[in-house]
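The sequence lines fix the lettering, A, B, ..., with proteins before strands; numbering per chain opens at 1.
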Protein chains: 2
Amino acid sequence: MLSIGKLSRATGVKVPTIRYYEQIGLLPEAERSSGNQRLYGRRTQERLAFIRHARELGFALEDIRELLALADDPERSCAAADRIAGRQLAAVNARLRRLEALRDELERMLAHCSSGRIADCRVIEVLGNHALCGHEHATGDDLSA
Amino acid sequence: MLSIGKLSRATGVKVPTIRYYEQIGLLPEAERSSGNQRLYGRRTQERLAFIRHARELGFALEDIRELLALADDPERSCAAADRIAGRQLAAVNARLRRLEALRDELERMLAHCSSGRIADCRVIEVLGNHALCGHEHATGDDLSA
DNA sequence: ATAGGATCTCTAGTCGCTATAGCTTCAAGG
DNA sequence: CCTTGAAGCTATAGCGACTAGAGATCCTAT
Ligand SMILES: [Zn+2]
Ligand SMILES: [Zn+2]
Ligand SMILES: [Zn+2]
Ligand SMILES: [Zn+2]
């Protein structure tokens, strides 16, 4: 059985984050030592590694909650899991396209600025006037870069 | 002079967001009508369009605050503005590289799954075992996808 | 005059943590 | 055995950039 600190070092997940995952029900309530400190076994360690890996791949905690529930039920069809991963892939691709457009626009701005006075700064100018941009940006209202 | 609703329609920024920008000091306190409703002139409309455009290009509100201060001072050197934009470009490039790696990993997972039982699901398997991944993910602790 | 939409203020919620404060417990050294 | 310092505990608040709701007020049109 591992203390929370050792579990943290073993998985690369910070101690408060582990407690947070327990609080929101992503990890089960930990067993406790006689002095009320959390103790973890192999099962929870694997579960936490799964969560960490899914986070590294960009999955939202709610998706991870579903994926964990699926992983606990080995006889079911994996269609739901594949659908979640497919949705994640689509989201990543959408963000990629948006970021590529941002990169191009930022590069253009910087390339056209001769770094003189603010009054002649292409960066400030473009920010104030989208007509100087090469293309449209996000049409919706999700401006999360 | 525009009401907040008309300013919202004119700029594509939602009404509560405009009030929020005022609250955090990104927009000056609006003039008020006799009935205490906000009124906006051309200057504020331009300022809001600038903010909106910078947000579309992924700048953080604190960066935008600096950029607005710079824009108000046309004789200064634009080095600071260019530095902010350069930093933003670097951040975008870093996110791009990370997202490309995520995309590759997600595609690999999905390509290897034959959509049968959970017990055989490649998606679940890879999430539980990073050794099956083609490369490392974010080494630090910024897992924001 | 009245209906309805628009606006007002204020508070709380989102996501995924992170940080702080003030306490208790544990492990190692003297 | 006793002390010290690290590690653990709970509870609360904060981050960024908004969004949503309640309940009151105002403005416009019929
Ligand atoms: Zn410049
Ligand atoms: Zn633009
Ligand atoms: Zn599958
Ligand atoms: Zn991996």
Residue closer to the 5' end of DNA chain D, Gln23(A) versus Glu62(B) (nearest nucleotide): Gln23(A)
Can a salt bridge be assigned to the pair [X] and [Y] using a cut-off of 4.0 Å between side-chain N and carboxylate O?
{"X": "Arg47(A)", "Y": "Asp72(A)", "answer": "yes"}
{"X": "Glu100(A)", "Y": "Arg103(A)", "answer": "no"}
{"X": "Asp82(A)", "Y": "Arg122(B)", "answer": "no"}
{"X": "Glu22(A)", "Y": "Arg19(A)", "answer": "no"}

Closest listed nucleotide, where the reference is the side chain of [X] and the choices are [options]:
{"X": "Thr17(A)", "options": "dC18(D), dG8(D), dC17(C)", "result": "dC17(C)"}
{"X": "Ile4(B)", "options": "dG16(C), dT7(C), dT9(C)", "result": "dT7(C)"}
{"X": "Gln37(B)", "options": "dG16(C), dC9(D), dT7(C)", "result": "dT7(C)"}
{"X": "Ser33(B)", "options": "dC27(D), dT9(C), dT18(C)", "result": "dC27(D)"}

Looking at [X], I'd like to know whether one of its side-chain N or O atoms comes within less than 4.0 Å of OP1 or OP2 on [N].
{"X": "Arg19(A)", "N": "dT10(D)", "value": "no"}
{"X": "Tyr21(B)", "N": "dA17(D)", "value": "no"}
{"X": "Arg32(B)", "N": "dT7(C)", "value": "no"}
{"X": "Lys14(A)", "N": "dC17(C)", "value": "no"}

Given DNA chain C, 5'-ward residue of the pair Gly35(B) and Ala60(A), judged by closest heavy atom: Gly35(B)
Touch class at under 4.0 angstrom, heavy-atom based, for Arg38(A) against every strand present: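 Sugar-phosphate: the residue Arg38(A), judged by heavy atoms under 4.0 Å, touches backbone atoms but no base.
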Touch class at under 4.0 angstrom, heavy-atom based, for Ser34(B) against every strand present: sugar-phosphate
Nearest-Å distance for atom pair [atom1]/[atom2], residues [X] and [N]:
{"X": "Leu2(B)", "N": "dT7(C)", "atom1": "CG", "atom2": "C1'", "value": "15 Å"}
{"X": "Ile24(A)", "N": "dT18(C)", "atom1": "CD1", "atom2": "P", "value": "13 Å"}
{"X": "Glu56(B)", "N": "dA17(D)", "atom1": "CD", "atom2": "P", "value": "15 Å"}
{"X": "Arg9(B)", "N": "dA6(C)", "atom1": "CZ", "atom2": "P", "value": "7 Å"}
{"X": "Met1(B)", "N": "dC27(D)", "atom1": "CE", "atom2": "C1'", "value": "17 Å"}
{"X": "Leu61(B)", "N": "dC15(D)", "atom1": "CG", "atom2": "P", "value": "13 Å"}
{"X": "Ile64(B)", "N": "dC18(D)", "atom1": "CD1", "atom2": "P", "value": "8 Å"}
{"X": "Tyr40(A)", "N": "dA7(D)", "atom1": "OH", "atom2": "P", "value": "16 Å"}

More than 12 heavy atoms of other groups within 6.0 Å of Arg32(B) CZ: yes
